[in-house]
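Fair warning: this is a prediction, and the values are worked out from it, not measured in the lab. In what follows, chains are A, B, ... by sequence order, proteins preceding strands, each numbered from 1. Side chains are part of it too, since the values below use all heavy atoms of this structure and drop only hydrogens, waters and symmetry mates.
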Number of protein chains: 2
Amino acid sequence: MSEDQSCIIHHFSHYCSLTKEEKALLVSLEENPTDIKAGSLLWEVGDPAKEFCTLHSGWAYSYRHLESGDRQILEIYLPGDIIGLREFAFSQRLENVCMITDGVVCHFPHKRLLEIFRQSVPLTSVVFAIASRHQALVTERLVTLARRSARQKTAHFLYEMYLRLRQTNGDIDRQFRLPLSQEQLADILGLSPVHVSRTFSLLSEEGLVFRDRHNVTIPDLKALAAAGEFDDCYLHDDVRPLFDLSA
Amino acid sequence: MSEDQSCIIHHFSHYCSLTKEEKALLVSLEENPTDIKAGSLLWEVGDPAKEFCTLHSGWAYSYRHLESGDRQILEIYLPGDIIGLREFAFSQRLENVCMITDGVVCHFPHKRLLEIFRQSVPLTSVVFAIASRHQALVTERLVTLARRSARQKTAHFLYEMYLRLRQTNGDIDRQFRLPLSQEQLADILGLSPVHVSRTFSLLSEEGLVFRDRHNVTIPDLKALAAAGEFDDCYLHDDVRPLFDLSA
DNA sequence: CGTTGTCTTGATTACGCTCAACTCAGGTGG
DNA sequence: CCACCTGAGTTGAGCGTAATCAAGACAACG
């Protein structure tokens with residue numbers, strides 16, 4: 001994987017400018033690209049956890065099964081994301097991870113992260129910053145799942161996905177592809193598939209969201225954000241400049 | 001704050017054995033102890049975020065307000081915890097933090113963490129491990145809040161608190177003090193205060209949990225864990241030995 | 001043209017919310 | 001010492017959102 005193909009470098013560049021050595025370190029994380037099919041599992045709960053994974057292309061999600069048979073999707077991963085950071089402190093996987101679309105992933109062992117810790121304080125900070133941003137995302141969804149209505153949950157999720165996609169893919173304008181079935185949406189939003197359908201109908205009647213198969217159109221972004229009580233401070237792109245801290 | 005008073009050292013020692021230099025680094029995080037009263041705020045959403053805080057004694061919680069007027073409590077902090085890790089990548093606070101009881105906190109600036117990154121790879125790993133464990137906790141609660149019944153939520157929360165308290169305070173046996181009002185419990189569990197009351201009555205009828213004011217008794221731990229569908233792999237104490245990774 | 005899976009719509013049910021009245025313990029002042 | 005107040009917790013009645021169950025629509029595919 002060369003430097004300009006690297007999603008990781010692209011991702012990390014958001015946080016600070018990288019030296020040649022740092023870029024080389026990051027590129028080395030992606031030296032084992034593996035093709036992987038939609039629907040296949042990267043790993044399951046209980047598997048040994050000795051590696052991370054960068055998602056080079058395609059979408060993935062992590063999820064947990066409940067005893068009731070329900071499923072809760074925890075996170076959607078987009079290209080450039082690192083999968084499995086949460087399990088750094090554990091010897092076993094806590095979550096299943098499944099590909100949504102075909103894609104390419106690059107495995108690298110936990111100890112590679114320690115090399116980063118050893119060799120570059122700025123990269124260490126960026127890894128930490130990325131982890132803390134992911135955490136912010138999860139926290140925001142916790143609030144939404146715990147307290148908000150189906151309509152708010154749905155609006156919130158769609159707006160969040162819109163922002164995340166725009167961050168990596170500047171050319172998105174009010175329309176994007178969302179390769180998720182209603183069952184998967186239900187598992188994300190903590191709703192039943194039936195109610196997801198109803199909620200989309202409602203949002204469509206209100207003119208907030210139009211959906212045709214897997215294509216989503218959002219005529220009025222602000223209105224959608226308002227409907228989801230979306231507070232975007234947890235996704236802001238004006239990242240705290242990390243070099244300030246080193247001073 | 002001397003070495004044997006340090007909650008941080010106690011906390012970090014769970015993850016790896018510490019050299020003298022590393023202990024000194026950690027002690028330096030706690031050089032500014034501040035007394036703080038129950039009910040007072042450490043900070044609020046929007047405040048500048050340039051510091052972390054170690055909680056030396058007392059309990060605290062972080063929370064968010066919703067437009068509806070509801071509140072969601074995100075995390076309960078116990079002595080030894082670091083507060084504010086999540087905001088490392090942000091310039092503003094994303095959450096309010098409030099003391100539950102009187103306590104002592106120690107502020108230290110973000111850049112102190114960078115010194116740790118610079119000076120000790122093991123400590124860096126431990127910080128990372130702690131962050132990833134906190135994240136696992138939040139994720140677990142996300143699943144619970146999104147999918148489980150009031151009875152399960154309550155049982156799950158109580159069992160989790162029991163385990164966390166036992167981890168730091170080995171002498172706990174089926175009974176502990178839980179200094180939370182039902183309103184606060186409601187804000188944690190995503191329920192109304194009224195329903196928290198009903199749920200405790202139910203658990204009490206079932207003989208699973210007895211509560212007298214702020215004292216909680218759990219006659220049968222396994223039964224409570226089962227009622228909360230508690231899977232304790234995310235709290236396991238057999239921490240992945242970090243030095244293995246450095247090899 | 002039938003089959004399959006996904007989505008939609010309708011009818012019924014249930015869990016937890018809201019509102020309101022009541023209990024109870026602790027604290028305060030006469 | 002008692003009367004009163006306050007705040008937390010409990011209990012009851014009615015309601016609403018979303019779940020469940022079931023039937024039907026629709027598209028993709030063989």
Side-chain angles (χ1 to χ4, degrees), chain A residues 38-39 66-73 100-101 143-158 177-206 209-217 227-229, chain B residues 38-39 66-73 100-101 143-158 177-206 209-217 227-229:
Chain A
L66 305 202
E67 291 183 13
S68 62
D70 291 331
R71 220 169 59 134
Q72 180 62 42
I73 291 181
I100 296 170
T101 64
V143 172
T144 300
L145 291 183
R147 290 287 175 186
R148 303 210 241 239
S149 67
R151 177 173 170 274
Q152 289 174 312
K153 288 179 188 178
T154 308
H156 193 279
F157 173 73
L158 290 173
R177 187 176 151 72
L178 187 75
L180 297 168
S181 69
Q182 291 202 352
E183 192 182 349
Q184 289 169 326
L185 286 166
D187 290 341
I188 293 168
L189 299 173
L191 299 170
S192 65
V194 173
H195 205 64
V196 169
S197 171
R198 288 190 223 276
T199 305
F200 268 98
S201 302
L202 174 68
L203 289 173
S204 176
E205 278 170 34
E206 295 182 281
V209 172
F210 298 100
R211 191 182 38 129
D212 175 39
R213 316 285 299 138
H214 285 160
N215 289 309
V216 172
T217 309
E229 283 194 18
Chain B
L66 306 202
E67 291 183 14
S68 62
D70 291 332
R71 220 168 60 130
Q72 180 61 42
I73 291 182
I100 296 171
T101 64
V143 172
T144 299
L145 291 183
R147 291 286 175 187
R148 304 211 240 239
S149 67
R151 176 173 172 274
Q152 289 174 312
K153 287 180 189 179
T154 308
H156 193 278
F157 173 74
L158 290 173
R177 187 176 150 73
L178 187 74
L180 297 168
S181 68
Q182 292 202 353
E183 191 182 350
Q184 290 168 326
L185 286 166
D187 290 341
I188 293 167
L189 300 173
L191 299 170
S192 66
V194 173
H195 205 64
V196 169
S197 171
R198 288 190 224 276
T199 305
F200 268 97
S201 303
L202 175 66
L203 289 174
S204 177
E205 279 170 34
E206 294 182 282
V209 172
F210 299 100
R211 191 183 38 130
D212 175 39
R213 319 282 299 137
H214 285 159
N215 289 309
V216 173
T217 309
E229 285 194 14

Practice task
Keeping the roles fixed (side chain from Ser204(A), backbone from Phe200(A)), state whether a donor-acceptor pair exists under 3.5 Å.
Solution key: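 Answer holds: no.
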
Fill in the blank from the handout: Its contact letters, B for base, S for sugar-phosphate only and - for none at protein heavy atoms under 4.0 Å, make nucleotides 23-30 of chain D read --------

Problem - Distance below 4.0 Å between Ser197(B) side-chain N/O and dT11(D) OP1 or OP2 - result: no

Practice task
Start with the C-alpha distance between Asp187(B) and Arg147(A), add both sets of side-chain angles, then the distance that settles salt bridge (charged side-chain N to carboxylate O under 4.0 Å, His left out), and finish with yes or no.
Solution key: CA-CA 9 Å; Asp187(B) 290 341; Arg147(A) 290 287 175 186; 3.7 Å; yes

Using a heavy-atom cut-off of under 4.0 Å over every strand shown, decide if [X] touches base, sugar-phosphate, or nothing.
X         : answer
Arg148(A) : nothing
Ser149(B) : sugar-phosphate
Arg211(A) : sugar-phosphate

Nucleotide [N], atom [atom2] - distance to [atom1] of [X] in whole Å:
X         : N       : atom1 : atom2 : value
Arg147(A) : dA18(D) : CZ    : C1'   : 17 Å
Arg198(A) : dT17(D) : CZ    : P     : 13 Å
Asp212(B) : dG9(D)  : CG    : P     : 12 Å

When rounded to the nearest 0.5 angstrom, what distance separates [atom1] in [X] from [atom2] in [Y]?
X         : Y         : atom1 : atom2 : value
Leu189(B) : Thr199(B) : CG    : OG1   : 8.5 Å
Ser68(B)  : Glu229(A) : OG    : CD    : 6.0 Å
Arg148(A) : Gln72(B)  : CZ    : CD    : 10.0 Å

Practice task
Mind running side chain to side chain contact (heavy atoms under 4.5 Å, CB included) on Thr217(B) and Val209(B) for me, showing each step along the way?
Solution key: CA-CA 6 Å; Thr217(B) 309; Val209(B) 172; over 6 Å; no

With a 4.5 Å cut-off on side-chain heavy atoms, are [Y] and [X] touching?
X         : Y         : value
Ile100(A) : Leu180(A) : yes
Leu203(A) : Phe210(A) : no
His214(A) : Leu178(A) : no

Exercise for the section: Give the intermediate values and the outcome of salt bridge (charged side-chain N to carboxylate O under 4.0 Å, His left out) for residues Glu206(A) and Arg151(A). Expected result: CA-CA 11 Å; Glu206(A) 295 182 281; Arg151(A) 177 173 170 274; 2.8 Å; yes

Completion exercise
Smallest heavy-atom separation, Ala150(A) atom then His195(A) atom, equals CB-CD2, 3.5 Å

Problem - Bounds of contact between DNA chain C and chain A, in 5' to 3' order, using a heavy-atom cut-off under 4.0 Å - result: dC7(C) to dA11(C)

Handout entry: Interface with DNA chain D, restricted to residues 179-196 of chain B and to heavy atoms under 4.0 Å
Key =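 Output list: Ser181(B), Gln182(B), Val194(B).
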
